[in-house]
Amino acid sequence: MFLKVQLPWNVIISAEDLDAKGLMLQRSIIIRLLDDFACKKATKDLGYFSAVTTLDSIGEGKVRQHSGDVLFPVVFSGITFKLFRGEILDGVVHKVLKHGVFLRCGPVENVYLSNLKMADYKYVPGENPIFLNDKLSKIGKDVTVRFMVIGTKWLEVEREFQALVSLEGDFLGPVS
């Protein structure tokens, strides 16, 4: 699910990038904010950072004692993406294993669909392994699958989420 959030942030501008003209300073703050935002990747509470939509306010800069850099407190609005239990989403299969498949869903790389959670499907080994059901519906590499999220896990070190999903429910499975 996409969330609209408003976040406080501290932007540090080096002394070399400071300029007396207000427009250049604002530009430097925005560029630095976007760089910091991209590096942050995700948080447990808000999910993955997708976009900065508006810069709501720039506070008064405070000079840092030892470096001479200036710290500006800013408030901005942005879009984040977070998986929630019970949510129905689409993902693309990127790895097929005997015991299930891994999908990508937006910025989430590790979405796991176990063979136990797709009861009608049987594993078919080969050069390009797939899962196949009685109605000849296939789940294989690069196939889009609609699923329901049954659980998520936050990995602090990698700063990313893992998700466990299921096909148990109406209208879930490969999307044509």
Side-chain angles (χ1 to χ4, degrees), residues 1-13 25-59 71-97 99-121 130-131 137-176:
M1 179 180 296
F2 288 99
L3 306 171
K4 185 172 183 190
V5 296
Q6 190 173 43
L7 294 169
W9 206 274
N10 289 323
V11 176
I12 299 170
I13 304 294
L25 178 59
Q26 186 174 7
R27 183 176 181 271
S28 295
I29 291 171
I30 291 170
I31 289 169
R32 186 57 190 242
L33 173 64
L34 292 173
D35 287 346
D36 292 350
F37 187 77
C39 291
K40 183 80 169 174
K41 191 176 177 180
T43 67
K44 183 178 182 178
D45 297 330
L46 298 173
Y48 290 88
F49 295 123
S50 298
V52 173
T53 54
T54 58
L55 181 59
D56 300 328
S57 69
I58 300 174
L71 183 137
F72 291 92
V74 300
V75 177
F76 67 94
S77 296
I79 304 290
T80 64
F81 178 81
K82 187 174 181 186
L83 298 171
F84 290 97
R85 189 167 192 239
E87 187 174 20
I88 306 292
L89 295 166
D90 291 353
V92 178
V93 176
H94 67 91
K95 188 186 276 186
V96 179
L97 305 169
H99 298 290
V101 296
F102 281 97
L103 303 105
R104 288 189 181 100
C105 177
V108 185
E109 294 282 326
N110 295 314
V111 176
Y112 183 66
L113 172 59
S114 170
N115 65 338
L116 301 174
K117 293 297 181 182
M118 47 179 165
D120 298 343
Y121 288 84
I130 61 169
F131 281 87
S137 178
K138 297 178 187 176
I139 296 177
K141 191 168 172 33
D142 298 325
V143 171
T144 301
V145 178
R146 182 162 294 136
F147 55 82
M148 182 174 68
V149 178
I150 55 177
T152 61
K153 179 181 177 182
W154 169 248
L155 303 173
E156 185 64 47
V157 174
E158 292 89 0
R159 301 201 67 71
E160 65 183 23
F161 286 91
Q162 290 180 335
L164 183 61
V165 300
S166 171
L167 297 185
E168 295 168 350
D170 294 335
F171 306 108
L172 301 179
V175 178
S176 44

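Note that the structure is predicted; figures quoted are calculated from it, not measured.
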Checking Ser166 side chain against Met148 main chain: does a donor-acceptor pair fall under 3.5 Å?
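Answer holds: no.
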
With sequence neighbours excluded, tell me which residues meet side-chain hydrogen bond (donor to acceptor under 3.5 Å, both in side chains) with [X].
X      : answer
Asp90  : Arg146
Arg85  : none
Ser137 : Tyr121
Asp36  : Arg32

Who passes side-chain contact (heavy atoms from CB on, under 4.5 Å) against [X], sequence neighbours left out?
X     : value
Ser57 : Val75
Ile58 : Gln26, Ile29, Leu55, Phe72, Val74
Leu97 : Lys95, Phe102
Phe84 : Met1, Leu3, Lys82, Glu87

In this structure, are over 12 heavy atoms from other groups packed under 6.0 Å from Lys44 atom NZ?
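Count not over threshold, so no.
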
Can you list the residues that meet the ring-ring contact (aromatic ring centres under 6.0 Å, His included) rule with Phe147, with sequence neighbours excluded?
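ring-ring contact (aromatic ring centres under 6.0 Å, His included) list for Phe147, sorted by chain: empty.
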
Phe37: what forms a ring-ring contact (aromatic ring centres under 6.0 Å, His included) with it, not counting sequence neighbours?
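Applying ring-ring contact (aromatic ring centres under 6.0 Å, His included) to Phe37 gives Phe49, Phe76.
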
Can you tell me how far apart OG1 (Thr80) and CZ (Phe2) are? Round to the nearest 0.5 Å.
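Rounded to the nearest 0.5 Å, the OG1-CZ separation comes out at 9.0 Å.
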
Enter the distance from Leu33:CG to Ile13:CD1 here, rounded to the nearest 0.5 Å.
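Reported value, rounded in 0.5 Å steps: 9.5 Å.
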
Shortest non-hydrogen separation from [X] to [Y] and the atoms involved:
X      : Y      : answer
Pro73  : Asn10  : CA-OD1, 3.7 Å
Val96  : Val93  : CG2-CG1, 3.8 Å
Leu83  : Ala163 : CD1-CB, 3.5 Å
Lys41  : Glu158 : NZ-O, 3.7 Å
Val143 : Pro174 : CG1-CB, 4.1 Å
Leu103 : His94  : C-CD2, 3.6 Å

Summary of salt bridge (charged side-chain N to carboxylate O under 4.0 Å, His left out) pairs that have at least one residue in residues 161-176, sequence neighbours excluded:
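Every salt bridge (charged side-chain N to carboxylate O under 4.0 Å, His left out) pair that includes a residue of residues 161-176, provided the two are not neighbours, is Lys117-Glu168.
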
Would you give me the side-chain donor-acceptor pairs under 3.5 Å for residues 104-114, sequence neighbours excluded?
| residue | atom | partner | partner atom | Å |
| --- | --- | --- | --- | --- |
| Arg104 | NE | Glu109 | OE1 | 2.6 |
| Asn110 | ND2 | Glu160 | OE2 | 3.2 |
| Tyr112 | OH | His99 | O | 2.7 |
| Ser114 | OG | Leu116 | N | 3.1 |

Arg159 vs Trp154, side chain to side chain contact (heavy atoms under 4.5 Å, CB included): CA-CA, chis, key distance, verdict:
CA-CA 7 Å; Arg159 301 201 67 71; Trp154 169 248; 4.0 Å; yes

Determine whether Leu89 and Val165 make a side-chain contact, defined as any pair of heavy atoms from C-beta on separated by less than 4.5 Å.
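No, too far: nothing below the 4.5 Å cut-off.
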
